[in-house]
Amino acid sequence: MFLLVRRAAAVIAAGVMVSGFAVNGGASAQTSAPGEAGALQAATLREAAEAKGVFVGAAVNNGRLGDGTYSSIASTQFSSVTAENAMKWDATEPSRGSFNYSGGDRLVEFARANDQQVYGHTLVWHSQLPSWVSNGGLSAGDLRNAMNNHITNLANHYEGSVAYWDVVNEAFDEDGSRRDNSVFQRTLGDGYIAEAFRTADAADPNAKLCINDYNIEGINAKSDGLYNLVRSLLSQGVPIDCVGFQSHLILDQIPSSFQANLQRFADLGLELIITELDIRMRLPADAAKLERQGQQFASVTRTCLAVSACAGITVWGVSDRDSWVPGTFPGEGAATLYDENLRPKPAFNGMLTALGGTTGPGPDPDPASCTANYTVTDRWNSGSVVRVTVTTGASLSGWTVTFALPAGSVTGSWNAQVGQSGTAVTATNASHNSTVAVGGSFSFGFQTNSGATYTPPTVSLNGTACAPA
Ligand code: 9MR
């Protein structure tokens, strides 16, 4: 594959366009008859992906590998792992010339033990830099040396362990121009990108070398800027093999030109990877939103499968508990395949079935990890009393229950701390009822200043919609 890619670059350098080479089986693999490889009965994402000739990965947080459920999902469901943070510059070269590979090595060991590919992330990025690089104090010559030295050390250290590298990450602004808040762009100018790829190629000629970015999934000014850069790099013979489409997407806003955009990059002879997929929504999640999210994970998966040069999809975080989204976008989340209790969501099922897998033994894709009873126990002209009882399918140490209150405001509560923002109500456990065993229940109550009648709202436990009890 590697040789093919490099050859494609050479052909383009000679001014001849080539069409995308086959990485996955392309659209035909989706229509294979029962009994053919593409129709394999697979119960895990990685089995199903393998049958389609693609990889399926997760961003892994080393700090969570001690959790048995987390590490078992990470190892059994995924054929590729990306270090969510452990291979970034601030972690690997916190002070100049002294390298720390402990986090990345731990993940490489995990991957080796579980027969997984490692996707390297990331060598040159304006963010998560130690201050000796980011403070702008280095001269151009010095920064160039530092950049090349960093790339050479990491690519040498992980040679043979890492299949892909995000060599340059997030080099563009939204308007398609080069990112001007990057210390590399500001200090070194446009040429730093070609130089980074050449340095990485010299250090590890076998790793596939990618440029990775976000908001480039559809055809837009930013993806146009990247497309033009990649074409120009290829025409100069720069060793670039792949483009990473991060794909931090928003529910109901999947770009309609996603496939056409992937295809135009594929037509340059490059491999494509969906590198950081998540689909975020406004919280609380409810059954309808989770169902649509499942369909949209399936649609993104089918988009990759439809473009033969799309080599794989990595999901950014194993579960909603691990996801970066709530910390960055307050009020949004539930963006991954597994809920806060590490139970598979409709998103898991959507991705699995889009990959041609079927649910069998293995995780139960039933999204309902809880049931909830919401009862107005008393009502008068200008007030009501509500009791909420939740039964959980997972053990809890602390809980958050959310729902939209259809009428009035909360004026008092018991057995929970209850807060309200607009119609969104959030109840968190009291100290005496934080721990709940599998199959156990808890109740809390509150009073409102409205006597209006209404249909009980959907109640969510830790971000997962509960079935009505
Ligand atoms: O998920 C990562 C989070 O834990 C870090 O705090 C954050 C720091 O910027 O980076 C997150 O991962 C980012 C990835 O490295 C590059 N693309 C965007 C991702 C989400 O911010």
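Positions are given from 1, in the same order as the sequence printed here. Order of listing sets the numbers, starting from 1, for every ligand and every atom in it.
A salt bridge links D252 with R292: the distance from a Lys NZ or Arg NE/NH1/NH2 to an Asp or Glu carboxylate oxygen falls below 4.0 Å.
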Review item, side-chain donor-acceptor pairs of residues 187-194, under 3.5 Å, at least two apart:
| from | atom 1 | to | atom 2 | distance (Å) |
| --- | --- | --- | --- | --- |
| T187 | OG1 | V183 | O | 2.7 |
| D190 | OD1 | R178 | NH1 | 3.2 |
| D190 | OD1 | Q185 | NE2 | 2.7 |

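Ranking protein heavy atoms by distance to atom 4 (O) of ligand 1, first place goes to N85 ND2, 3.0 Å. When hydrogens are left out, the protein atom nearest atom 18 (C) of ligand 1 is E276 OE1, 3.2 Å; that is the closest non-hydrogen contact. Closest protein heavy atom to atom 1 (O) of ligand 1: E84 OE2, 2.4 Å. Among protein heavy atoms, the minimum distance from atom 8 (C) of ligand 1 is reached at Q128 OE1, 3.0 Å.
The number of heavy atoms from other shown groups lying within 6.0 Å of CD (E195) is above 12.
Considering backbone and side-chain atoms alike, H121 places an N or O below 3.5 Å from some N or O of ligand 1. At under 3.5 Å, not a single nitrogen or oxygen of W324, backbone or side chain, sits near a nitrogen or oxygen of ligand 1. Among the atoms of W316, some N or O lies under 3.5 angstrom from an N or O of ligand 1.
Contacts between Y214 and ligand 1 below 4.0 angstrom, taking non-hydrogen atoms only, are absent altogether.
One option in K88, H248, Q246 has a heavy atom closer to atom 15 (O) of ligand 1 than any other, and that option is K88.
Residue pairs that meet the disulfide (SG to SG under 2.5 Å) test with at least one member in residues 179-210, sequence neighbours left out, are C210-C242.
Both tests do not hold together for K222 against Y227: distance to the six-membered ring centre under 6.0 Å, angle to the ring axis within 45°. No cation-pi contact links R343 to Y338, judged by a cut-off of 6.0 Å to the six-membered ring centre and 45° from its axis.
Below 30°, between 30° and 60°, or above 60°: for Y164 and Y119 the angle between ring planes is below 30°, a parallel geometry.
Ligand 1 lies within reach of N169, whose nearest heavy atom is under 4.0 Å from it.
Atoms of ligand 1 lying under 4.0 Å from any heavy atom of E170, numbered from 1 in the order shown and given with element: 16 (C), 17 (N), 18 (C).
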I'd like to know whether I273 forms a side chain to side chain contact (heavy atoms under 4.5 Å, CB included) with F55, so could you lay out the CA-CA distance, the side-chain angles of the two residues, the decisive distance to 0.1 Å, and finally the verdict.
CA-CA 9 Å; I273 297 107; F55 69 80; 3.7 Å; yes
